[in-house]
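Whatever order the structure lists ligands and atoms in, that order sets their numbers, starting from 1. Reckoned from all heavy atoms, side chains included, excluding hydrogens, waters and symmetry mates.
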Amino acid sequence: MSRVLVIGCGGVASVAIRKCCQVDDVFTELCIASRTKSKCDALAESLKGKTKTVITTAQVDADKVDEVVDLINSYKPDLVMNIALPYQDLTIMDACLICGVNYMDTANYEPEDTDDPEWREIYEKRCKEKGFSAYFDYSWQWAYKEKFEKAGLTALLGCGFDPGVTQAYCAYAKKHEFDTIDTIDILDCNGGDHGYAFATNFNPEVNLREVSAPGSYIENGKWVEIPAMSIKREYDFDAVGMKDMYLLHHEELESLAVNIPEVKRIRFFMTFGQSYLTHMKCLENVGMLSTTPIEFEGHEIVPIKFLKALLPDPASLGPRTHGKTNIGCIFTGKKDGKDKTYYIYNVCDHQECYKEVESQAISYTTGVPAMCGALMLLTGKWTEKGVHTVEEFDPDPFLDALDKHGLPRSENFDPVLVD
Ligand code: NDP
């Protein structure tokens, strides 16, 4: 029996909400709140008669702490699931602290306005100190650790697939397969085809910011930064086949380096087709990925927001995306004094996802872990207070829940390694 407030009603939230409604003995009451209430109403309407979960909807601008506080105080949830955008992480965390409610999200904080001088000063200091230049990092949310601990509350950060399940895979490898882990390679492969020359599988603004940024990895405790897309490998993925993949910066590298400090090298690779990369480079070269507002015929426009309005809505890709995703982690290390390699991954089929929840696999592979993370908090499987990433919790009940709710694991004890 629990009351949950979900903030956001986009591609990922829609899947998480549909999955929560499949577990209606735990998610007994759900409030779907977002900036555009009509989307929440449409989703609630489509779930009528299909679940015992009692669904209500609300309008909220989650950039405003007061609005979130009012909503929490009136709904009185046991947990707030932030599945809006990373820009809202801090305002929603603030509201949860004020109201004394547990918090979770699927992506770590980054500011919407990267030109804000106050933020920029802190960012530039961090770039110099830490050695990576991504706009997002955990420092902003880790700064809330003590406040959540003192309030006796839990904040679960980044509980999608990557970040999220990938860190649970690391915790699982550490708990069951290795005495010491030497290297971790996280491989994110999307073998899906939506038939468009160019579209992003989740929020275009967040996605394009991420992939156009310099790549980085951790070696012997230090960040190594490289130009965007400058390290390329080929890998033959189970159920997908041979794909080009590129080394990217990714948020879980930062927390894994802290929580599994013995690891000598951690890298993250994502597959991209040539068409995607050519379009992205062109858009970047002409300034369409910029977040800095420009004057156009008397209007102020933000180029990347304008681009978002032109691109297909990721939520509309579901019916037309065919193929599979394969996301997982390859480990090297030692067990009982012997060298060992291990690969744990999930394969997910775009069309199967669409049949089940009317969404493609990218939103599915994020929304299902969000539901399973909420399930861990609501059923008392994960109880540590403070601000935590997924690898800090017991991976076993979480991976069991993923097996059961649509993202089963596969294992390979003799994987091909990435050079
Ligand atoms: P969408 O753009 O599809 O949805 C975002 C939702 O948030 C929309 O409903 C939007 O409302 C709402 N929203 C935006 N701003 C506000 C605001 N100020 N107040 C209230 N609601 C707001 O994004 P996705 O569903 O693709 O992504 C959701 C999150 O999941 C993102 O943080 C993304 O980074 C993360 N993600 C994580 C992954 C992982 O594996 N960990 C993978 C993929 C995504 P409106 O309808 O008005 O625009």
Checking heavy atoms under 4.0 Å, the part of Asn203 that sits near ligand 1 is both
Of all the heavy atoms in Pro163, does at least one lie under 4.0 Å from an atom in ligand 1? yes
When you measure from atom 21 (N) of ligand 1 to every protein heavy atom, which one gives the shortest distance, and what is it? Arg35 N, 3.3 Å
State, to 0.1 Å, how close Met104 and Ala370 come at their nearest heavy-atom pair, and which atoms those are. CE-O, 3.3 Å
If you have a sec, work out which protein heavy atom is nearest atom 31 (C) of ligand 1 and how many Å separate them, to one decimal? Ala84 O, 3.3 Å
Nearest non-hydrogen protein atom, atom 44 (C) of ligand 1: Phe202 CD1, 3.4 Å
Once salt bridge (charged side-chain N to carboxylate O under 4.0 Å, His left out) is applied, do any residues pair with Lys174, and if so which ones, sequence neighbours excluded? Glu262
Enumerated ligand 1 atoms positioned under 4.0 Å from heavy atoms of Gly8: 7 (O), 9 (O)
Could you work out, for atom 37 (C) of ligand 1, the closest of Asn201, Thr106, Asp105 by heavy-atom distance? Thr106
Tell me, please, which residues at least two apart from Ile122 pass side-chain contact (heavy atoms from CB on, under 4.5 Å). Trp140
Salt-bridged, Asp113 to Arg120, with N to O below 4.0 Å? no
Please state which part of Asp162 comes within less than 4.0 Å of ligand 1, counting heavy atoms only: side chain, backbone, both or neither. both
